Structures are given as structure tokens and as C-alpha cells.
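A short worksheet on the structure shown next.
Worth saying up front: this structure is predicted, and the values here are computed from it rather than measured. Within every chain, numbering begins at 1; the chains are lettered A, B, ... in the order of the sequence lines, protein sequences first and strands thereafter.
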There are 2 protein chains.
Amino acid sequence: MKQIIRDETILNSDLYLRNVAVDNVIFGYSNKELKVLVQQPFSLDKWTVTGGYIKRTETIEAAAKRIAYERTGLKKLFFEQFRSFGTPARNTDAGFNAEHLSKLTGIKVPVDLWIFDYFVSVGFYTLTEFSKVEIKKGELETDCRWWPVNELPKMMFDHKLIIAEALKALRLHIAHYPIGYELLPEKFTLPEIHNLYETILGRSLDDRNFSKRLISAGILVKLNEKKQIGAHRSPFLYKFDKEKYDEGLKSGVVLAF
Amino acid sequence: MKQIIRDETILNSDLYLRNVAVDNVIFGYSNKELKVLVQQPFSLDKWTVTGGYIKRTETIEAAAKRIAYERTGLKKLFFEQFRSFGTPARNTDAGFNAEHLSKLTGIKVPVDLWIFDYFVSVGFYTLTEFSKVEIKKGELETDCRWWPVNELPKMMFDHKLIIAEALKALRLHIAHYPIGYELLPEKFTLPEIHNLYETILGRSLDDRNFSKRLISAGILVKLNEKKQIGAHRSPFLYKFDKEKYDEGLKSGVVLAF
DNA sequence: TGAATAGTGTCTTTAAGACAGTATATC
DNA sequence: GATATACTGTCTTAAAGACACTATTCA
């Protein structure tokens, strides 16, 4: 916050767009767990999804990618715009005001600073394998971490709704497009991708029917290797047929779970 | 334009949000034709979809509805947000500049007026029966009329893309939710709704399979009346079972064309 | 009775869903 | 051989799609 407040350019709002911002729901998956990257701003007791302002020189997609990069250090992520949110009071919340921020930063924050204005937010969601991410907390936040999608902390503004809508969009997406490239290691087993789908959808899927459909979709390549998993039968490793996977991303309608 | 330029409030941009606006693709259907309401601003040779700025006191949905009402006089329309558009140069176009507008209005328009800024646009689409609409042209436009979706005129900005995306979203929507309530008279025949679906989807649908699915979905009520259509067999009239229709709108997945 | 449109039934193919037993790895 | 996990095949049911003839209205 200090940096932002001190920065004349930003105070004058001629670097960033006004009244419109980006919120980026960063989903992380690993080992049967679906989490969201949330941050706690300004020593408040509530959390937000990652988000930020849009530079006058960049597209909204570029803004979302920049913001995700700042937090995760990752550049190649799967992005999807899912909805925009615009209600006059949507970014009004106890604590997020000039008085409180002045106290926190020691710098006089104008009551009518543009960031307190009515902001329309363009929502994106992002997928990543969270065990690989090194979280980089922003200067403005007291904390930034993964939180299970089913046990979210108290969310600020309308961010609970934003996450719910992102999850709905993700679950709709999974039924029409391949998914998993960003969420699984390069080589993975059928039970691993099966767990991924079950976790995202939040319900169990018959393992026989699941492999049947996934294999007949033709986006998997069976490798001549097995994964060692201890005192159990070793599962075969697979990888995605990237060409068919990308084709499925474009033309859609591959699976219907 | 004159009104806007003269209005101090708007010149100062404290009535409307900056850098964010709404574009509303108003689809009109009647008699096997799907059209879009487009307008020609400022005596330019290009056309735009209807759109406008968002008041600081209203939601983006309310802004879209207000704009649709201003053009069509209709209040109860089907609305759907489909995507937002944000590219720095997206609302840059020959003719849409201070010099040209000054010439047109006779009022000195500042080069840096906020309306020339980078605007992120939230896209909505709307459905209506166009034969019932009395178009009300805005003060800023030289013309405003229905144009067949397949023979659009030269579009300004990125509005060709916006219409294409709206149509894609509409076609996706039609496969998962009931449609037609706003597009058909209260009482309609099976061939009429069949034509509606064919027109929106842009392809033919087997009439036997179509009625089979529509009737088994249970959203139609067959009436004890027939429509007189001249020297031909009289088709039965139907109406929507509004309760089941609305339920289908919420819970979705009714038909799959 | 001819012209135009409404209306309907069956068969085939494909996809979805339910379901359980055998195989393998290690200790 | 005990245990934990991988792997696979068949049957049933439902949905999708292809297809063509009869019925009605009225000029």
C-alpha cells in the first residue's frame, strides 16, 4: 500500500484504468485437494482472491496473467474469463477505507482515492499444480496462501460469490474440454487423473467408465513405464497427446462428466 | 452528442463510470429471421451495437437493461452476460475522435474527453420479438435499425467480434436452457418454434425429432385451438408451461440441439 | 383434386450407467 | 499369503439420429 500511495502516477490514476479491475481466482490442485490462492490485505480479518488494476497499455487478459505471475511466478497457466461483476457497493467493506489505510500506512490517504470507487471486476480463473508454486506475497498483504475450496475463510467484498462462480464455470468447462495439462505432472497415472476429475467435480466417478471414456477420447498416450507406488500393483504412466489435447481445447465437446 | 457534451456532469464524468461500459447485443426474431439492432453514430459510415456508460448508482445489469429500454421501449427482456472485452485500442476507430465530433456538434470537444479513453466493455445479449419493437433512435445516432445477423454492415470498433461472441453464447445457451418465451407470441404452433430454433442455430433440425424432444421435455402445453393458416392444414396452438420453463432456466439441461 | 403444410412412429446406432472379479506389487 | 491398489468387460437403459408416409385445409 505504501508503494501505491507514494507513487504519484498511481495516485493520479493515469497508469491504471479507473472503475474496472481484474479478479483472478487461482485454483491449485495437488494430491486430491483443490485449493484457491487467497490473500489477506491490510491486516484485516478478511481475505480476497488475487486481483489488481488494469494498466492503460494492457489487455484485460494480460492484466490477469501479470497478476497471476506476480503471485505464483508462473507464466504458462490456463486462463479463462468467466464473468464480470458490477454492483455499486461491491467493493465496500469494513476496514477498506481511507481512515484505516491511513492508520496502517502512516500516510494520509484521501477519502476519495480512486481505489475506493465503484469497481467493475472482470473475473478470470486460473489452474495450476499448487505444490510447485512459490507464493510471493504482495506488499499490500499480510498473508497469501492456499485455502481448500470447501473451507474458505471469511471473504471480503463479494469474493465468496466470485469463487463460487469461478468454480461453477470450471465444472462446466471440464464437461466440454480436456483439462489437466497444467494440473498434473508430465507423466501421470490413470488413478491420478481420475482423482483430479473427482476432486474438481466434487463427486465420485466410476473408475471403469472414466478410463473407458478418457481413453476413447484419444487424448492420452500410454507409456511403456510404470510408476512405483510401494507395496501395490504399479500403475502405467500416461501423458497427454498435446496435439489432440489442444485441438479439444479449441473445438470442444470431448468428454461429458 | 450535443446533450452529452453540454451536460457538465457528464463532461466531468462523475455520473458515469470511467473506463468501463456496457455493450448490449439486442437480438430480434420474427418470421424466420434473426436480426441485431445496430446503430450508426455521428454520421459515420460504420455501425455499432447498442451500448452505453454505466451510472455510478447502478449495477452493470441495470445499465444493460436501461440501454435496451431506451432503444426498444421494452422492460421485460431476456438478458445474459456473455463476455467482457478489454484491449487498449478497442474503441479507437477512424471518425470517433474529438475533431470529428467537434465538427458534427459545433461544440469544442476536448481531445482527452473520457469517452475516447480505453474502455473495457461488458457484453450482454438480449432477446426480443422484433416486430413488436418501436425503435427509438438515440440523439447521438443518425440511424438505428435491425440488420440480419448474416449480412451485417461494416461494424465499428470490435463490434463484429462482439456480435459473433454473443451469437456463439446464444447458441450454446439454447442447448442447455429453454428459449422462446420472449421471441414467440403467447400462443404459437410447433412449426413456429421449430423455425425459431432452426433460425437461431443456423441449421435445419429434423421436425419429427424436434417435436418429440420438445414435448417430452414437458415445457409445452397443447391447447384445444388451431391456428388458421389459409389453404393448409391448421396447426395446433401451444403455450409454454411457464413454471416448468422457469425451472428449466434455473436448473438447466433441458434440451440438447 | 391438387397444393401446401401439419403431424406422427419405428428402427438403428451410440452413449451412459451400473456393476465385480482378476491382476500385480510388496511385505 | 495378506493387503492394497490397478485394471478391465458386459449388460442394460436411454438418448440421438435417420428416415417417409398420412392428415388436413381450402382454393
Side-chain angles (χ1 to χ4, degrees), chain A residues 31-32 171-172 174-178 184-185 187-199 201 203-239 248 252-257, chain B residues 31-32 171-172 174-178 180 184-185 187-199 201-239 248 252-257:
Chain A
N31 194 29
K32 302 192 194 180
R171 286 178 174 165
L172 190 68
I174 209 177
H176 297 284
Y177 299 92
L184 294 170
K187 298 174 181 181
F188 53 88
T189 68
L190 282 184
E192 280 169 349
I193 193 170
H194 183 218
N195 282 331
L196 170 66
Y197 273 77
E198 289 194 331
T199 305
L201 290 173
R203 60 189 166 90
S204 61
L205 298 168
D206 185 278
D207 56 348
R208 292 156 289 190
N209 295 333
F210 179 82
S211 6
K212 214 191 304 172
R213 270 191 266 175
L214 207 62
I215 287 166
S216 74
I219 54 170
L220 292 189
V221 178
K222 188 173 186 172
L223 302 173
N224 243 335
E225 301 170 62
K226 292 182 176 187
K227 183 173 182 175
Q228 302 303 107
I229 54 161
H232 313 294
R233 177 169 177 178
S234 308
F236 275 96
L237 285 165
Y238 288 78
K239 64 173 185 175
V253 200
V254 177
L255 307 157
F257 293 108
Chain B
N31 194 30
K32 302 192 195 181
R171 286 179 174 165
L172 190 68
I174 208 177
H176 296 285
Y177 299 92
L184 294 170
K187 298 174 181 182
F188 53 87
T189 68
L190 283 183
E192 280 170 350
I193 193 169
H194 183 220
N195 282 331
L196 169 67
Y197 273 77
E198 288 194 331
T199 305
L201 290 172
R203 60 190 166 90
S204 61
L205 298 168
D206 185 278
D207 55 348
R208 292 156 288 190
N209 295 334
F210 179 82
S211 9
K212 212 190 307 170
R213 270 192 266 176
L214 207 64
I215 288 165
S216 74
I219 54 170
L220 292 189
V221 178
K222 189 173 185 173
L223 301 174
N224 242 335
E225 300 170 63
K226 292 183 175 187
K227 184 172 182 176
Q228 302 303 106
I229 53 162
H232 313 295
R233 177 169 177 179
S234 309
F236 275 96
L237 285 165
Y238 288 78
K239 64 172 184 176
V253 200
V254 178
L255 306 158
F257 293 107

Within residues 209-217 of chain A, those residues having any heavy atom closer than 4.0 Å to DNA chain C are Asn209(A), Lys212(A), Arg213(A)
Salt bridge (Lys or Arg N to Asp or Glu O under 4.0 Å) filter on Arg233(B), not counting sequence neighbours, yields none
Sorted by chain and residue number, the ring-ring contact (aromatic ring centres under 6.0 Å, His included) partners of Phe188(A) (sequence neighbours excluded) come out as Phe240(A)
In short, side chain to side chain donor-acceptor pair (under 3.5 Å) pairs touching residues 210-222 of chain A with sequence neighbours left out are Asn209(A)-Lys212(A)
Residues at least two apart in sequence or cross-chain that pass side-chain contact (heavy atoms from CB on, under 4.5 Å) with Thr199(A), listed by chain then number, are Tyr29(A), Lys32(A), Leu34(A)
Salt bridge (Lys or Arg N to Asp or Glu O under 4.0 Å) filter on Arg171(B), not counting sequence neighbours, yields none
CD1 of Ile193(A) to CG of Leu184(A), rounded to nearest 0.5 Å, is 5.5 Å
Per the under-4.0 Å heavy-atom filter, residues of residues 228-235 of chain B near DNA chain C come out as Ile229(B), Ala231(B), His232(B), Arg233(B), Pro235(B)
Is there a side-chain contact between Leu190(A) and Asp207(A) in this structure, where contact means two heavy atoms from C-beta onward sitting under 4.5 Å apart? no
request  = Give Lys222(B) one of three labels, base, sugar-phosphate or nothing, depending on what nucleic acid heavy atoms sit under 4.0 Å from its own.
outcome  = sugar-phosphate
Smallest heavy-atom separation, Phe236(B) atom then Tyr238(B) atom, equals O-CD1, 3.7 Å
To the nearest 0.5 Å, atom CG of Leu196(A) lies from atom CG of Asn31(A) at 11.5 Å
Q) For Lys226(A), which contact category applies under a 4.0 Å heavy-atom criterion: base, sugar-phosphate, or nothing? A) sugar-phosphate
Applying salt bridge (Lys or Arg N to Asp or Glu O under 4.0 Å) to Lys226(B) and not counting sequence neighbours gives none
Min and max contacting nt of DNA chain D in 5' to 3' order, chain A heavy atoms within under 4.0 angstrom, are dA4(D) to dT10(D)
One should read off an interatomic distance between Leu172(B) CG and His176(A) NE2, to the nearest 0.5 angstrom, of 6.5 Å
On a heavy-atom basis, the closest approach of Lys187(A) and Glu225(A) is NZ-OE2, 2.8 Å
Sequence neighbours excluded, the answer for side-chain contact (heavy atoms from CB on, under 4.5 Å) partners of Glu198(A) is His194(A), Asn195(A), Ser204(A), Leu205(A)
At a 4.0 Å cut-off to heavy atoms of chain A, the contacted part of DNA chain C spans dA16(C) to dT26(C)
Nearest heavy-atom approach of Pro178(B) to Ile219(B) is CB-CD1, 3.8 Å
When the rotation axes relating C1' atoms of four end pairs to the next four are compared across the helix from dT1(C)-dA27(D) to dC27(C)-dG1(D), five pairs an end, they differ to 10° by 10°
